[in-house]
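Residue indices begin at 1 and follow the sequence shown. Counting convention: from 1, in listed order, for ligands and their atoms alike.
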Amino acid sequence: MANWQKLEKKYMMDTFQRLPVTIVKGQGVRAWDDEGNEYLDFIGGLAVNVLGHSHPVVVKAVAKQARTIIQTSNLVYSVPQVKLAKLMIENSCMDKVFFCNSGAEACEGAVKLARRYGMIHRKGAWEVITATKSFHGRTLAMTAATGQSKFQDPYEPLPEGFVNVTYDNIAAVKAATSDKTCAVMMEPIQGEGGVNVPADDYLKKVSAWCDKKGILLILDEIQTGIGRTGTMFAYQQYGVEPDIMTLAKGLGGGVAIGAFMAKDKVSVFEHGEHGSTFGGNPLACAAGYATLNYMLKNGVVDNCRSVGAYLAKSINGLKKKSDLVVSVRGRGLLLAMELSREIAADFVLECMKEGVLLNAVTTSAVRFMPPLITTEEDVDEAMAIVKKVLARVGKK
Ligand SMILES: *Cc1c(COP(=O)(O)O)cnc(C)c1O
């Protein structure tokens, strides 16, 4: 068998700290490596595989679309695009959508739209307030938006127009607001920053402030959207409506797609002001439509909410058994287990060896983001392994 891990080092840029496993196959919540070992995949493609690996409904839609037409161009009309757009609009508070290919691209587009809005309606305001510990993607501008120095420092000087303020602190947003501000952009729950859940009334306060000042609220729901936190979109749990919302990750059921959506009054792009070659391609849109349609018709979001509560309870129960477990945070099936020591990477490695894939989201926190179709039995199976590893690692 080829040593894929060695070949990767030879041929690819070494940008990812990968787990030492080569995954070659997946089905539902399970995945297999090139030696035939089975895993419960609680990384879930980084919150992408909402219906698990290779869900039959997604496979069928992609195969059918591939036989029909894979790519047109955005110089012509395309049916899968319109079908997906209609479904997204009918199931959110938004009026219009633009399709792209990734999360970073969605946030870039959202900021461009906010700047256009600022230019037209707010005397040329173009600055965007974002939060510390946020994550909005890896393009140069989104690196400036992302309030984490580890992503910013290697790339200075960064593009202008972003002010990073403390998350979950309304006073900081107010203090940073000026005549130059066109928007506030944040995640309802911060994913990559460590699964940080703000106070229940924080987003409401931010939204009220934006309304008062006539600036836009952009919610980055790339990780929290598409059912992940137990409602189709996280904003629904906080009693707010964003002016612009970004999506990607779960939207294509595993196929690469991104989107930003906006209210009618904010949809100010004119012909030629934004675009994408692959954005909204028939293949990705067919996958997105099949995914969303299945979720809506089969109670997948309800399952996420109940199984998420079950998993959170199970993690919480570990506190009694081990000093290593401090707390659990998150919503739905976006959860983090905080450890008392900075051993999350080791912990995750040990869990992998025992057959469950998890992510060390910070040095001391382990992130759980399994598919939204995960069952309580799957959770029991994964948690039995987590308990076993805790007992072993906790002794050291
Ligand atoms: C993953 C993520 C992004 C970036 O998405 P990419 O597809 O990797 O560009 C942006 N914002 C949030 C909240 C994310 O979780």
Side-chain angles (χ1 to χ4, degrees), residues 13 15-18 43-50 98-114 128-148 150-152 155 162 164 167-168 183-198 203 206 217-229 233-235 238 242 244-261 276 278-281 284 287-288 291 329-336 359-362 365 367-370 372:
M13 293 191 194
T15 52
F16 298 101
Q17 176 84 52
R18 298 180 198 265
I43 297 177
L46 275 167
V48 165
N49 303 324
V50 286
F98 180 93
F99 289 116
C100 53
N101 308 284
S102 71
E105 208 187 334
C107 289
E108 282 273 342
V111 167
K112 283 176 73 178
L113 183 60
V128 177
I129 297 171
T130 66
T132 51
K133 295 193 185 172
S134 59
F135 186 77
H136 300 294
R138 303 290 201 145
T139 60
L140 209 47
M142 286 312 106
T143 297
T146 292
Q148 300 194 57
K150 69 173 176 187
F151 295 121
Q152 297 183 333
Y155 300 106
F162 297 94
N164 306 144
Y167 189 55
D168 199 13
V184 175
M185 176 163 79
M186 37 187 71
E187 298 153 85
I189 293 173
Q190 293 184 326
E192 298 310 300
V195 189
N196 306 316
V197 185
L203 284 180
V206 174
L217 176 62
I218 306 174
L219 286 184
D220 179 348
E221 292 241 21
I222 287 165
Q223 188 151 156
T224 54
I226 318 298
R228 178 59 49 188
T229 64
F233 306 103
Y235 74 76
Y238 289 99
I244 304 176
M245 170 167 73
T246 58
L247 296 171
K249 295 206 162 87
L251 182 58
V255 178
I257 185 170
F260 57 95
M261 305 174 77
S276 169
F278 286 118
N281 67 80
T291 302
R329 57 179 183 265
R331 294 256 174 113
L333 283 169
L334 178 60
L335 297 170
N359 161 251
V361 69
T362 69
R367 182 168 45 165
F368 295 69
M369 46 193 156
L372 311 186

*Take E105 and K112, measure what salt bridge (charged side-chain N to carboxylate O under 4.0 Å, His left out) needs, and give me the verdict at the end.*
CA-CA 10 Å; E105 208 187 334; K112 283 176 73 178; over 6 Å; no
*When you look at N196 and R329, which way does the side-chain contact (heavy atoms from CB on, under 4.5 Å) test go after all the steps?*
CA-CA 7 Å; N196 306 316; R329 57 179 183 265; 4.2 Å; yes
_Taking distance alone, with N or O pairs closer than 3.5 Å, would you say I222 contacts ligand 1?_
no
*Heavy-atom protein neighbour under 4.0 angstrom from atom 5 (O) of ligand 1*: yes
*Does E187 reach the main-chain N or O of T224 with its side chain, forming a donor-acceptor pair under 3.5 Å?*
no
*Does the pair L46 and M369 meet the rule for a side-chain contact (heavy atoms from CB on, under 4.5 Å), with working shown?*
CA-CA 7 Å; L46 275 167; M369 46 193 156; 3.6 Å; yes
_For atom 11 (N) of ligand 1, what is the closest protein heavy atom, and at what distance to 0.1 Å?_
D220 OD2, 2.7 Å
*asked:* Judged on heavy-atom distance to atom 1 (C) of ligand 1, which of M186, E187, K249, M142 sits nearest?
replied: K249
_Nearest-contact summary for atom 9 (O) of ligand 1 - protein heavy atom, Å_ = A104 N, 2.7 Å
*Where ligand 1 meets S102 - atom numbers and elements under 4.0 angstrom, heavy-atom basis*: 7 (O), 9 (O)
*Which residue and heavy atom of the protein sit nearest atom 7 (O) of ligand 1, plus the separation*: G103 N, 2.8 Å
*Nearest-0.5 Å distance, CG of residue N49 to CD1 of residue I43*: 10.5 Å
*Distance from Y235 atom OH to M245 atom CE, nearest 0.5 Å?*
5.0 Å
